[in-house]
Undergrad: 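One structure, as structure tokens, below. Some questions next.
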Number of protein chains: 2
Amino acid sequence: MGRRNEHTREELKEISLQAAEQLVAANGLGGLSARKVVACIGYTVGSLYMVFRNLDDLIIQMNERTLDRLYEALERALAHRPPPSAAIRVLAQAYLEFALTQTNRWLALYEHRMPDDQVMPDSFSEKVSRIFGLVQQHLALLCPQRSSNDVELAARALWSGIHGVCMLSLDRKLESIGGHPMHEVAGSLLDNYLAGFVSSA
Amino acid sequence: MGRRNEHTREELKEISLQAAEQLVAANGLGGLSARKVVACIGYTVGSLYMVFRNLDDLIIQMNERTLDRLYEALERALAHRPPPSAAIRVLAQAYLEFALTQTNRWLALYEHRMPDDQVMPDSFSEKVSRIFGLVQQHLALLCPQRSSNDVELAARALWSGIHGVCMLSLDRKLESIGGHPMHEVAGSLLDNYLAGFVSSA
DNA sequence: ACCTGAACACCGTTCAAGT
DNA sequence: ACCTGAACACCGTTCAAGT
């Protein structure tokens with residue numbers, strides 16, 4: 001056969017990633033397969049390997065797009081320029097909102113595991129760092145007197161904490177442990193941590 | 001053929017779970033398959049379905065055993081009866097230690113996802129609650145004047161936080177964001193949260 | 001009753017062959 | 001050059017057939 005030149009390589013990549021995102025949004029990362037992706041876009045399975053090294057490569061590129069959307073959501077939340085005292089809360093709220101509304105896409109960021117011998121591409125790590133930098137930056141504004149090492153550590157602790165709240169709240173396996181809504185748990189974490197952090201200057 | 005009565009049903013279950021634990025410890029949950037399990041124990045694949053409903057059932061039972069070991073590790077850490085002010089830290093430390101030394105087994109607790117329409121068995125939820133209750137109980141001893149609702153919320157926030165620190169520290173994808181060792185991040189979270197919590201009585 | 005082994009419907013990946 | 005489709009080595013699950 002050969003549907004030659006019906007799509008450029010770039011277009012083929014784009015529609016593959018779009019199909020992958022739809023499949024993940026609908027059925028989770030477990031509902032994604034190379035054969036399902038090509039079935040969605042009307043190609044046969046071999047074609048996928050023209051534009052992706054393998055399925056891991058496709059998933060990583062999909063996840064990078066998710067990281068981009070997450071970053072945009074966080075930036076959008078900061079668009080009203082809240083004072084430093086509110087910015088951290090605004091960021092956390094936006095993160096929770098993203099995880100809650102895009103649950104399967106957000107979960108795919110963490111469910112996907114690399115083969116033990118391989119490492120994430122730099123482009124992925126940079127996108128993670130960029131998001132993380134947002135927290136660090138606003139935490140530094142809140143506590144200008146603290147060392148950059150203190151701020152780094154606090155940003156990491158806070159962000160890990162908010163992430164953990166999301167994870168345990170969205171995992172149906174573990175929601176059993178009390179009926180506190182996610183936002184309330186995150187609020188408690190933030191309020192008490194920040195109270196402790198600013199008072200220990 | 002038929003290796004009849006060479007093992008009782010209970011023995012077959014036990015050696016299957018042991019083989020599964022070895023496979024997961026060595027290669028992660030992704031390295032586990034029904035066919036590999038039976039290859040380890042010298043049976044053919046059909047036999048597995050005599051003692052497990054399906055592979056999810058086997059994984060859940062394996063994870064329940066991991067939860068039992070985690071509970072034992074936490075109890076062992078409390079065996080020296082630390083004062084309430086130290087008990088929470090002792091528990092967090094033991095949790096980190098478990099995640100660090102049994103990484104693949106600990107990860108399997110969270111990597112495994114149920115089919116969307118199914119729910120975890122009660123025995124699993126109870127084991128989760130039992131572990132969680134340990135935190136809640138020692139937090140209540142630390143702050144006897146707080147309402148049980150306050151303590152529940154704080155226990156959940158703290159535990160989620162510690163969990164998030166583990167997750168992001170052990171995930172090679174995300175370790176990029178700063179070279180702070182896991183224990184230090186967890187210490188920061190605990191110290192500042194508890195400082196905020198006890199002072200907001 | 002216990003266990004096998006073939007069968008079925010999937011999966012990721014490769015690659016000779018066709019246009 | 002682009003794309004197919006068959007092939008290979010896997011996978012979970014079922015079940016008739018053997019002992």
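If you're wondering where the values come from, they're calculated on a predicted model, not measured in any experiment. Every heavy atom of this structure was used, including side-chain atoms; hydrogens, water molecules and symmetry mates were not. Just so it is clear: chains get the letters A, B, ... in the order the sequence lines come, proteins before strands, and each one is counted from 1.
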Undergrad: Check Arg146(B) with Glu152(B), please: is the shortest side-chain N to carboxylate O separation under 4.0 Å?
TA: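 Salt bridge: no.
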Undergrad: Could you pull out all residues at least two apart from Lys13(B) that satisfy side chain to side chain donor-acceptor pair (under 3.5 Å)?
TA: none
Undergrad: Might you point out which heavy atoms bring Ala94(A) and Ala73(A) nearest each other, and give the distance in Å?
TA: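 Where Ala94(A) meets Ala73(A) most closely, the heavy atoms are CB-O, 4.3 Å.
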Undergrad: Between Arg130(B) and Glu75(B), is there a salt bridge with N-O shorter than 4.0 Å?
TA: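 Here Glu75(B) does not pair with Arg130(B) in a salt bridge, since their nearest N and O are not under 4.0 Å apart.
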Undergrad: When the distance from CD of Glu6(B) to P of dC3(C) is rounded to whole Å, what number comes out?
TA: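 That distance rounds to 8 Å.
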Undergrad: Convert the base pairs of DNA chain D into dot-bracket notation, remembering that pairs crossing earlier ones are written with [ ] and that bases paired across to another strand are shown as |; include only Watson-Crick or G-U pairs under 3.5 Å.
TA: ||.|||||...|||||.||
Undergrad: Give me, pair by pair, the N or O atoms of the protein and of nucleotides 13-17 of chain D that are less than 3.5 Å apart, along with how far apart they are.
TA:
{"from": "dT13(D)", "atom 1": "OP2", "to": "Tyr49(B)", "atom 2": "OH", "distance (Å)": "2.8"}
{"from": "dT13(D)", "atom 1": "OP2", "to": "Leu55(B)", "atom 2": "N", "distance (Å)": "2.8"}
{"from": "dT13(D)", "atom 1": "O5'", "to": "Tyr49(B)", "atom 2": "OH", "distance (Å)": "3.4"}

Undergrad: Grab the CD1-C1' distance between Ile41(B) and dC2(C) for me, whole Å please.
TA: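 Ile41(B) atom CD1 is separated from dC2(C) atom C1' by 14 Å.
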Undergrad: Ignoring hydrogens, what is the shortest heavy-atom contact between Ile162(A) and Ala92(A)? Give both atom names and the distance.
TA: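 Reported closest heavy-atom pair: CD1-CB, 4.1 Å.
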Undergrad: What integer distance in Å separates Leu23(B):CG from dC10(D):P?
TA: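 Spelled out: CG on Leu23(B) to P on dC10(D) is 15 Å.
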Undergrad: Once you round it to whole Å, what is the distance between P of dA1(C) and CZ of Arg9(B)?
TA: 10 Å
Undergrad: With rounding to the nearest 0.5 angstrom, report the CZ to OG1 distance, Phe98(A) to Thr103(A).
TA: 10.0 Å
Undergrad: Rounded to the nearest Å, what distance is computed from the CG atom of residue Leu12(B) to the C1' atom of nucleotide dT4(C)?
TA: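 Taking CG of Leu12(B) and C1' of dT4(C), I get 13 Å after rounding.
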Undergrad: What integer distance in Å separates Ile59(B):CD1 from dC11(D):C1'?
TA: 13 Å
Undergrad: If you count heavy atoms of other groups shown closer than 6.0 angstrom to CD of Gln93(B), is the number above 12?
TA: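 Open.
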Undergrad: Are Ser33(A) and dC11(C) close enough that a side-chain N or O sits under 4.0 Å from OP1 or OP2?
TA: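 For dC11(C), OP1/OP2 do have a side-chain N/O of Ser33(A) under 4.0 Å.
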Undergrad: Provide, to the nearest angstrom, the distance between the OH atom belonging to Tyr43(B) and the P atom belonging to dT4(C).
TA: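 Distance, rounded to whole Å: 7 Å.
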Undergrad: Identify the heavy atoms of Gln136(B) and Val151(B) that sit nearest to each other, and give their distance.
TA: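 Answer, listing the atom of Gln136(B) first, then Val151(B): O-CG1, 3.5 Å.
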Undergrad: Whole-Å distance between dC2(D) C1' and Glu10(A) CD?
TA: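 Rounded to the whole Å, the gap is 16 Å.
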Undergrad: Just by distance, do the side chain of Ser200(B) and the backbone of Phe197(B) share a donor-acceptor pair under 3.5 Å?
TA: yes
Undergrad: Which nucleotide in the list dT4(D), dC3(D), dC2(C) gets nearest to the side chain of Thr44(A)?
TA: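 Taking heavy atoms from C-beta onward, the closest nucleotide is dT4(D).
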